[in-house]
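Only this structure's heavy atoms are used, side chains among them; waters, hydrogens and symmetry mates stay out. Every chain is numbered from 1, with letters handed out A, B, ... down the list of sequences.
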There are 2 protein chains.
Amino acid sequence: MADFIFNNPVKLHVGPGKFGQLGNVAQQYGKKALLVVSDSTKPTGQLARAQEALTAAGMTWAVYDEFMQNPLSTLVEAGASLARQENCDLVIGIGGGSAMDMAKGIAFCALNEGSIWDYVFGKKQAQHALPIILVPTTAGTGSEANRTAVFTNPETHDKKGLVNPLIYPVASIVDPELMLTLPKRVIAGPGADVLFHALESYISRNAHPFSEMLSLRAITLLAKNLPRVYADVTDLAAWEQVTFASTLAGMAIDCAGTTLPHALQHPMGGLLDVVHAEGIAAVYPAFMEYTWSAAPEKFAAIAAAMGVDTRDMNTEEAAYSSVKAVTDFLKSVNMLPSLTELGVKEEHFDWIINNVQTTMKVVMENNPRVPDAQTLRDILQRSL
Amino acid sequence: MADFIFNNPVKLHVGPGKFGQLGNVAQQYGKKALLVVSDSTKPTGQLARAQEALTAAGMTWAVYDEFMQNPLSTLVEAGASLARQENCDLVIGIGGGSAMDMAKGIAFCALNEGSIWDYVFGKKQAQHALPIILVPTTAGTGSEANRTAVFTNPETHDKKGLVNPLIYPVASIVDPELMLTLPKRVIAGPGADVLFHALESYISRNAHPFSEMLSLRAITLLAKNLPRVYADVTDLAAWEQVTFASTLAGMAIDCAGTTLPHALQHPMGGLLDVVHAEGIAAVYPAFMEYTWSAAPEKFAAIAAAMGVDTRDMNTEEAAYSSVKAVTDFLKSVNMLPSLTELGVKEEHFDWIINNVQTTMKVVMENNPRVPDAQTLRDILQRSL
């Protein structure tokens, strides 16, 4: 066992109907909230419910909803200005990963002057951020359970995470009832992302006994239950497991990080605005083929958690069976695009490979086997 | 899924050699520490190492070591006086469960006037406690990972826990190297207690998906590795798993509590100073026989986690097999005393039953099946 530190201070409020407690929860942390929300919170009535809940709890609020699927650092800074101007003492993010990461960035920038990139790249140190409450409306990033928020720099196209204990949410509300009207595409993509987080954190060189427990549990719950909610979006019992898996995986990446697929996706997201889970899914079969033999016991455990009956296999057979299990799983939820379909072409490879080896070097080196530039090119080529 | 709240703010420093970082960890939280230590920390050199580490980190310290296996509330209050008199701004507990609980109680009472029982029984509310750092030197209570500290009132013989978020340790150091010289009796008793915590939190009516994950993982790790360290106290790899299991189980009881065996042990500890794990072990077979059929799926999972091959059994068979698996396990580490051997006699039953039904009512009602007075008497009778 490597020695490790585990600390996750987020207060998780989990279960059907918990969104109804937003007012009670929020009033413990502030008087005026900036609501940072996805567009989807309007037609679903989630934004209106939040506003009513805060008002009923004696709080006031302002709304910020200007961002996109790969949140731009410039819009974070605009949101932070609004938070200061409105004298907000709390930021509440309601939505998918982008809204939650945006909320984290705004809470951070509201109390820290200058460019967020100075903090991302460790040039400046911060002491404070506004308290953050997160409410996921998709089961995907697990951002509600960790201290990471990923942004894109529109000037350099760098996409990179701010990782800072100051942006742990003080509380998160994980309510599976918020998932019951999601369109299929917003089930499959974020759902696959849960698998990616769980699998990569499990095999990461930074994994430790606590994170491994979280990762494997997330894989087991997700593999069983994502197909159920994909088939029937109203299956609340299955959503309970999927949302919980998402939160567990979000805790796991907080310990152990992600690996090669996330390293490859970030430049694609930054350069071409590729949807997070789709960019990752496209490289997954090639990544697994390349990686499994470097950590056979872990991939064998992944196969078992995916539901493969590995009892009559040796470790190598079981490990290799995980490649097919994950590939089949992604196919079953229509989440196995090619890079070509996502607009990634050979002409982008040089930029992507260079960016992976600079901006995403640390993440790439979490992988049990670390590719050189030529191998990265092969993986991308095989994923076209 | 019942809805639930999960929050555990303890910063866990886990791994061989981590005790060497005590000074670096402690200086983040205070300038003068009260060291609350078990007697065993003297011959093992642990107290001296702690004193040197704090001095090297530029801190000062005082020592408090006056307590017993079932810590008395009067001695907590004496320790709190010492902390105030010495102007300590941090309490460090090093030892088994008693030392750690004593440290928690002292950190609490140092900033809260009056009797600790007023807080235990909810008559007074507290706002502050000194920061607490815990270092377990046995793998047992898991107190390093939760907000509970159990004390005995020498006037009433009540033994009851203070449960308060203010006594979460700010940090704990879980170093398996500290276990390498433990005598067999101090391996088996605390080790069995890990199993008791994990099993009871797993079946508790307050269990939830997060605590269930912690509990089952603890059972699996403990069942495999406690026999190894019992056979060879120098087996560091096995100690890593046993100490981690203890911490996981400590987190699990923080979520879900314990059940009937702990409810029965507390009056025995309070009245007759029975050793915690021994009192519990004595009633375990009768408790399991009485309880298993009320939660067959959970007991079946316990059997599997204990290492029983349940694949060809139906749920009831698997569940019932857990009774024998646990009983055999306790026998294998010489931890299956009778109540008679522990000095508990039929003449004590009335007092014990009355105390269980008053002081320990909440804990008893966590059990999947709740016994009346006659059934409690039967369980005690069968355990003589």
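In this structure a side-chain-to-backbone donor-acceptor pair under 3.5 Å is present from B:Asn7 to A:Val10.
For B:Leu236, no part sits under 4.5 Å from any heavy atom of chain A, backbone or side chain. Contact of B:Phe210 with chain A is made through backbone and side chain together, with heavy-atom distances under 4.5 Å. For chain A, the nearby part of B:Lys18 is the side chain; its heavy atoms alone come within less than 4.5 Å.
Around CD of B:Glu297, the count of heavy atoms belonging to other residues, nucleotides or ligands within 6.0 Å does not exceed 12. Shown here is B:Gln28, whose CD atom has more than 12 heavy atoms of other residues, nucleotides or ligands within 6.0 Å. Surrounding CG of A:Asn314 are more than 12 heavy atoms belonging to other residues, nucleotides or ligands, all under 6.0 Å away.
To the nearest 0.5 Å, atoms CG (B:Asn8) and CG (A:Leu12) are separated by 11.0 Å. Interatomic distance, CZ of A:Phe6 versus CZ of B:Phe244, reported as 8.5 Å (0.5 Å rounding).
Annotation: maximal heavy-atom pairing with chain A below 4.5 Å, among B:His208, B:Arg217, B:Met213, B:His13, occurs at B:Met213.
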